[in-house]
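To start, the structure under review is shown below, and the notes come after it.
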Amino acid sequence: MPAVVLVGAQWGDEGKGKATDLLGDQVDYVVRYQGGNNAGHTVVIGDQKYALHLLPTGVLSPDVVPVIGNGVVIDPGVLLSEIDGLRARGISCDKLLISASAHLIMPHHKALDKVTERFLGKARIGTTGRGIGPAYGDKIARMGVRVQDLLDPGILSQKIEAALHEKNQVLTKVYNRRGIDHGKVLEEYLGYAERLTPHIADTSLVLTQALDQDKVVLLEGGQGNLLDIDHGTYPFVTSSSPTSGGACTGSGIPPTRLTRVIAILKAYTTRVGSGPFPTELLDETGEWLRQTGHEYGTTTGRDRRCGWFDAVIARYATRINGVTDFFLTKLDVLSGLERIPVCVAYEVDGVRHDEIPMTQTDFHHAKPIYEELPGWQEDISGAKSFEDLPVNAQNYVRTLEKLSGAPISAIGVGPGRTQTLQLRPLI
């Protein structure tokens, strides 16, 4: 049975939570495979809104097993707070599985994240300050603390002591900050261990066995294609791989088990944080998109930068991820516009680029080449089928599909669970 990957095709915040929730009744496992609580998914069910940060959206479906994969970095305090918040609203997290090989965000990671970002000044990356980058840095440097270390107090103590031996030197002597106490950290994390131990598992084995038993596994990433550490707008990226390739390394499922890659596209473009953004609108139109689309970060609450749809980055997502289907979200936000510009290519120093320029310098200097499409005035939030959409809205979708290089198989026309038009099956 299939392992299906859900990726963001832009800079994140495309509406992956809505897509995952739509598919929830058709899958058996939903796996978060990268990122930390720097990402967020918003899901609207009836009149209830749920903001998820570490938990997979599958936790909202009672018949789904939610899994936090080995590629995620976990702040256990944040995770337990999120679990308690859902339980208070009547949603059980008892089925949750956490990879024993996932890495933990430690207090020194958060302290260093905040202080180094401040010291960067104008060159800051726009990190959320939640310790994600430093945690991944220690993972690569082979000095991280993993979930499985919570099961062995001796090992946990040793790893915390070894990390703080170096990190406290940096905090006190480089940044003139107070050092972190080993005993307090150990006590705090042993407290987390008591509650998290029942959820810890060899999730790679669990997922492989599930696929062998004809179960459907959905893998969801945080952020988006252009925030990938390798394939994004470096250095203004996250510290992990939200792409479909990252789904394999972050879950322990081999590439041969993947059968479909669904990429989420917003009908316009947004990003949070610093970095290049060719179609960004710094005028009243950009503010109109922000207000109409409620473009504020799920995790941070920060204003999202807004701009027109960029077909260049959509084609790039198709190429990098092997996209089989697009899910287009927030089409309803564009209702009421007379004309809608779409970026079809870039101009850099007089040269046209139909693909993303190779160098960071050229991408920073890229100017969008627009084609304008006629808009529509009708409210489309009540549409039940593609044919219910105004002709101009249908043409807009078909144009984006042609420019992006993969079929648009579902369309979001509002935030609600039922406000989705499904053109073809996604599983």
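Residues: numbered from 1 along the sequence shown. All figures in this text were calculated on a predicted structure; none of them were measured in a lab.
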Q: Check whether more than 12 heavy atoms from other residues, nucleotides or ligands sit under 6.0 Å from atom CD of Gln377, and answer yes or no.
A: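 It does: Gln377 CD has more than 12 such atoms within range.
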Q) Hey, is CD on Gln422 packed in by over 12 heavy atoms from elsewhere, all under 6.0 Å? A)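 Count over threshold, so yes.
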Ignoring hydrogens and angles, state whether a donor on the side chain of [X] or [Y] is under 3.5 Å from an acceptor on the partner side chain.
X      : Y      : value
Thr243 : Asn225 : no
Ser335 : Trp376 : yes
Ser381 : Asp379 : yes
Gln291 : Tyr296 : yes
Gln394 : Glu387 : no

Q | Counterpart residues, salt bridge (charged side-chain N to carboxylate O under 4.0 Å, His left out), relative to Asp212 (two or more places apart) | A |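 Residues passing salt bridge (charged side-chain N to carboxylate O under 4.0 Å, His left out) with Asp212: Arg257.
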Q. For Glu280, what residues pass the salt bridge (charged side-chain N to carboxylate O under 4.0 Å, His left out) criterion, not counting sequence neighbours?
A.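 In terms of salt bridge (charged side-chain N to carboxylate O under 4.0 Å, His left out), with neighbours along the sequence ignored, Glu280 is linked to Arg305.
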Q.
Let's go through Cys343 and Trp308 carefully: what are the C-alpha distance in whole Å and the side-chain angles of both, what is the deciding distance for side chain to side chain contact (heavy atoms under 4.5 Å, CB included) to 0.1 Å, and is it a yes or a no?
A. CA-CA 7 Å; Cys343 173; Trp308 298 122; 5.9 Å; no
Kindly give the heavy-atom pair with the smallest separation between [X] and [Y], and that separation in Å.
X      : Y      : value
Leu6   : Tyr33  : O-OH, 4.0 Å
Pro76  : Tyr192 : CG-CD1, 3.3 Å
His199 : Asp94  : CE1-O, 3.9 Å
Pro242 : Val7   : O-CG1, 3.6 Å
Gly252 : Ser204 : O-OG, 3.0 Å
Leu207 : Val67  : CD2-CG2, 4.3 Å

Answer whether the closest heavy-atom distance between the side chains of [X] and [Y] falls below 4.5 Å.
X      : Y      : result
Tyr234 : Asp228 : no
Lys139 : Tyr136 : yes
Thr270 : Phe277 : no
Leu421 : Val413 : yes
Val397 : Leu331 : yes
Ile262 : Leu23  : yes
Leu52  : Leu60  : yes
Lys367 : Pro278 : no

(Q) Applying the side chain to side chain donor-acceptor pair (under 3.5 Å) criterion to Tyr346, which one of Asp310, Asp354, Thr279 satisfies it? (A)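 That would be Asp310.
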For the [atom1] atom of [X] and the [atom2] atom of [Y], what is their distance to the nearest 0.5 Å?
X      : Y      : atom1 : atom2 : result
Ile68  : Ile74  : CD1   : CD1   : 4.5 Å
Leu289 : Glu295 : CG    : CD    : 8.0 Å
Ile83  : Leu196 : CD1   : CG    : 6.5 Å
Phe386 : Leu423 : CZ    : CG    : 6.0 Å
Leu55  : Arg32  : CG    : CZ    : 9.5 Å
Ile411 : Thr329 : CD1   : OG1   : 11.0 Å

Q | Qualifying residue for side chain to side chain contact (heavy atoms under 4.5 Å, CB included) with Tyr189, from Asp149, Val145, Leu104 | A |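 Testing Tyr189 for a side chain to side chain contact (heavy atoms under 4.5 Å, CB included) against Asp149, Val145, Leu104 leaves exactly one candidate, Leu104.
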Do the side chains of [X] and [Y] get close enough for a salt bridge, i.e. N-O under 4.0 angstrom?
X      : Y      : value
Lys184 : Glu187 : no
Lys159 : Glu161 : no
Asp84  : Arg195 : yes

Q: Under the side chain to side chain contact (heavy atoms under 4.5 Å, CB included) rule, what do Leu219 and Leu258 come out as? Steps first, then yes or no, please.
A: CA-CA 10 Å; Leu219 302 115; Leu258 304 184; 4.0 Å; yes
Q: Go through Ile98 and Thr203 one step at a time and tell me if the side chain to side chain contact (heavy atoms under 4.5 Å, CB included) criterion holds.
A: CA-CA 7 Å; Ile98 304 169; Thr203 54; 6.0 Å; no
Donor-acceptor contact present, side-chain [X] to main-chain [Y], <3.5 Å:
X      : Y      : result
Arg271 : Leu227 : no
Gln158 : Leu156 : no
Lys266 : Asp13  : yes
Lys95  : Pro62  : yes
Glu82  : His53  : yes
Arg315 : Leu403 : yes
Gln10  : Tyr268 : yes
Thr197 : Ala193 : yes
Asp113 : His109 : no
Ser251 : Ile253 : yes

(Q) Evaluate Ser99 against Asn70 for side-chain hydrogen bond (donor to acceptor under 3.5 Å, both in side chains), listing each step before the verdict. (A) CA-CA 5 Å; Ser99 171; Asn70 58 275; 4.6 Å; no
Q.
Show, in sequence, the C-alpha distance, side-chain angles and deciding distance for Asp325 and Arg424, and conclude whether the salt bridge (Lys or Arg N to Asp or Glu O under 4.0 Å) test is met.
A. CA-CA 9 Å; Asp325 302 84; Arg424 27 181 101 73; 5.7 Å; no
Q: For Ser404 and Leu265, run side chain to side chain contact (heavy atoms under 4.5 Å, CB included): C-alpha distance rounded to whole Å, both residues' side-chain angles, the deciding distance at 0.1 Å, then the answer.
A: CA-CA 10 Å; Ser404 301; Leu265 270 177; 3.9 Å; yes
